[in-house]
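Okay, structure first, notes after.
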Amino acid sequence: MSKVYTLTLNSAIEEVVFGVGDTPDKITKINQSNLYLTGKAVNTGLLLSNIQTCCDMSIVCGYDTFEDYKNLENDYRHVTVFPVEGITRRNQTLVLSNGREFRIINKGYTLTNEVLDEVYNYVVNSVRTDDIVLIAGSLPGGVSPEWYLNLIRSLKDKNVRVMFDASNDELREGIKGAPFYIKPNSEEIKSLIGEYRIVDLPNYIRRISEHYNVQNVVVTLGENGALGYNAKRNLCVKTYSNNSFKKEIMTTGCGDSFNAGFIYAILNEYDFANAMVFGTAFAEANIIAGFPEKVNMEIIQNQLKQVFYKTL
């Protein structure tokens, strides 16, 4: 059976704060505050391993969180930690009672060529044909976007299915390596196509797939589900949901959870349309659970009953 690998170069501690108020400067009360060890691929790996899907997780972090990340290892996740000088960045997500969400993304450590070579060699030498490698997230200081491109090309040479989730320069460069899957959100896709009308998006993602030789191009659309194109079947699918969520929700981690659902469907040999449904259901499960590491199969099964798709 194919094995799942995840790679996180830019890990983070995420502080999620739920406050009462209309804007950050008018908060009258803090209802709840939580800390999480994260990184986009970390979130995906934790969710998958929590539903008994084995993952090999590679994580770069500062020495201050080395033991914390290493302690994530259990029977379903093998964790290889690459500690570096400097501290792991700390991000903040503020969720207000009116449903507005504010994020502060901070900078952390800078990577050396020695660390990058160590990570690169570990991942490339570990994988085998048909394995799945999720490369996700922004790049820390000292890393050029071409690093992602070179890694993707090396993995493709070994017939590995590369799932790539990034934005801006990282997305524009990495996509040149023709990954198996990309998943920008409705804002991130603009780095490839510029401003767009939602009715034109199906044509855009078809063109992206053809131009870059990407088999699966998916755009997550928040409360409007997701839109995806599969080149192998020449199939465009839109997902939608019967769920109606309360205003005060935290959406951080939904994209990472979508990746987990899509990967889970592939491993279990579901077709593209159902992989889109699983991705959407996993993302909605994240909203209910509160963070990817809290998602369980019971929540997922309930959400699968609420998500549907149509072909375009």
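In what follows, every heavy atom counts, from backbone to side chain, and hydrogens, waters and symmetry copies are set aside.
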> Quick one: do D131 and R128 make a salt bridge, cutoff under 4.0 Å?
Replying inline: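 Answer for the salt bridge query: no.
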Going by heavy atoms in the side chains, are [X] and [Y] under 4.5 Å from each other?
{"X": "S209", "Y": "V217", "result": "yes"}
{"X": "V123", "Y": "I135", "result": "no"}
{"X": "V60", "Y": "P140", "result": "no"}
{"X": "N106", "Y": "Q92", "result": "yes"}
{"X": "M163", "Y": "F180", "result": "yes"}
{"X": "L111", "Y": "F82", "result": "no"}
{"X": "V127", "Y": "L155", "result": "yes"}
{"X": "M276", "Y": "N230", "result": "no"}

So, [X] side chain and [Y] main chain: donor-acceptor pair closer than 3.5 Å or not?
{"X": "T6", "Y": "L134", "answer": "no"}
{"X": "K294", "Y": "I288", "answer": "no"}
{"X": "E73", "Y": "V79", "answer": "yes"}
{"X": "R77", "Y": "L72", "answer": "yes"}
{"X": "K183", "Y": "N259", "answer": "no"}
{"X": "Y69", "Y": "T38", "answer": "yes"}
{"X": "T44", "Y": "D256", "answer": "yes"}
{"X": "K158", "Y": "V124", "answer": "yes"}
{"X": "T8", "Y": "I59", "answer": "no"}
{"X": "N50", "Y": "E293", "answer": "yes"}

Between atom [atom1] of [X] and atom [atom2] of [Y], what is the distance when rounded to the nearest 0.5 Å?
{"X": "F272", "Y": "K232", "atom1": "CZ", "atom2": "NZ", "result": "13.0 Å"}
{"X": "D117", "Y": "W147", "atom1": "CG", "atom2": "CH2", "result": "9.0 Å"}
{"X": "N10", "Y": "R89", "atom1": "CG", "atom2": "CZ", "result": "3.5 Å"}
{"X": "S257", "Y": "L48", "atom1": "OG", "atom2": "CG", "result": "9.5 Å"}
{"X": "D56", "Y": "L7", "atom1": "CG", "atom2": "CG", "result": "10.5 Å"}
{"X": "K190", "Y": "Y196", "atom1": "NZ", "atom2": "OH", "result": "6.0 Å"}

What's the shortest heavy-atom distance between [X] and [Y], and which atoms?
{"X": "V218", "Y": "P184", "answer": "O-CD, 3.1 Å"}
{"X": "A231", "Y": "V214", "answer": "CB-O, 4.4 Å"}
{"X": "V4", "Y": "C54", "answer": "CB-O, 3.8 Å"}
{"X": "S191", "Y": "N168", "answer": "OG-N, 3.7 Å"}
{"X": "F278", "Y": "G261", "answer": "CB-O, 3.5 Å"}
{"X": "P202", "Y": "C236", "answer": "CB-SG, 4.0 Å"}

Transitively linked via ILVMFWY side-chain contacts under 4.5 Å: [X] with [Y]?
{"X": "I300", "Y": "I266", "result": "yes"}
{"X": "I189", "Y": "I198", "result": "yes"}
{"X": "L35", "Y": "V295", "result": "no"}
{"X": "I152", "Y": "Y181", "result": "no"}
{"X": "L227", "Y": "L235", "result": "no"}

> Going by the angle between their ring planes, with limits at 30° and 60°, are F258 and F262 parallel, tilted or perpendicular?
Replying inline: parallel
>> Which label fits Y148 and F164: parallel for a plane angle under 30°, tilted from 30 to 60°, or perpendicular past 60°?
In response: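 Taking F164 first and then Y148, their aromatic rings stand perpendicular (interplane angle over 60°).
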For [X], does the [atom1] atom sit with more than 12 other heavy atoms under 6.0 Å from it, leaving out its own atoms?
{"X": "Q306", "atom1": "CD", "result": "yes"}
{"X": "F66", "atom1": "CZ", "result": "yes"}
{"X": "R172", "atom1": "CZ", "result": "yes"}

> Step by step, would you call L37 with S11 a side chain to side chain contact (heavy atoms under 4.5 Å, CB included)?
Replying inline: CA-CA 8 Å; L37 289 171; S11 58; over 6 Å; no
Are a donor atom and an acceptor atom from the side chains of [X] and [Y] found within less than 3.5 Å of each other?
{"X": "N43", "Y": "Y36", "value": "no"}
{"X": "Y5", "Y": "S126", "value": "no"}
{"X": "N274", "Y": "D271", "value": "yes"}
{"X": "Y120", "Y": "S154", "value": "yes"}
{"X": "E284", "Y": "S241", "value": "yes"}

> For the side chain to side chain contact (heavy atoms under 4.5 Å, CB included) test, which of V81, V84, I87 pairs with C61?
Replying inline: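 The passing option is V81.
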>> Does F282 form a side chain to side chain contact (heavy atoms under 4.5 Å, CB included) with I51? I'd like the steps, not just the answer.
In response: CA-CA 11 Å; F282 274 53; I51 57 172; 3.7 Å; yes
> When you look at T112 and E85, which way does the side chain to side chain contact (heavy atoms under 4.5 Å, CB included) test go after all the steps?
Replying inline: CA-CA 10 Å; T112 64; E85 297 293 337; over 6 Å; no
>> Does T220 form a side chain to side chain contact (heavy atoms under 4.5 Å, CB included) with E188? I'd like the steps, not just the answer.
In response: CA-CA 10 Å; T220 49; E188 293 165 346; over 6 Å; no
>> Using the rule given for side chain to side chain donor-acceptor pair (under 3.5 Å), can you reason through S58 versus Y122, listing the C-alpha separation, both sets of side-chain angles and the distance that settles it, and then say yes or no?
In response: CA-CA 9 Å; S58 297; Y122 174 79; 5.0 Å; no
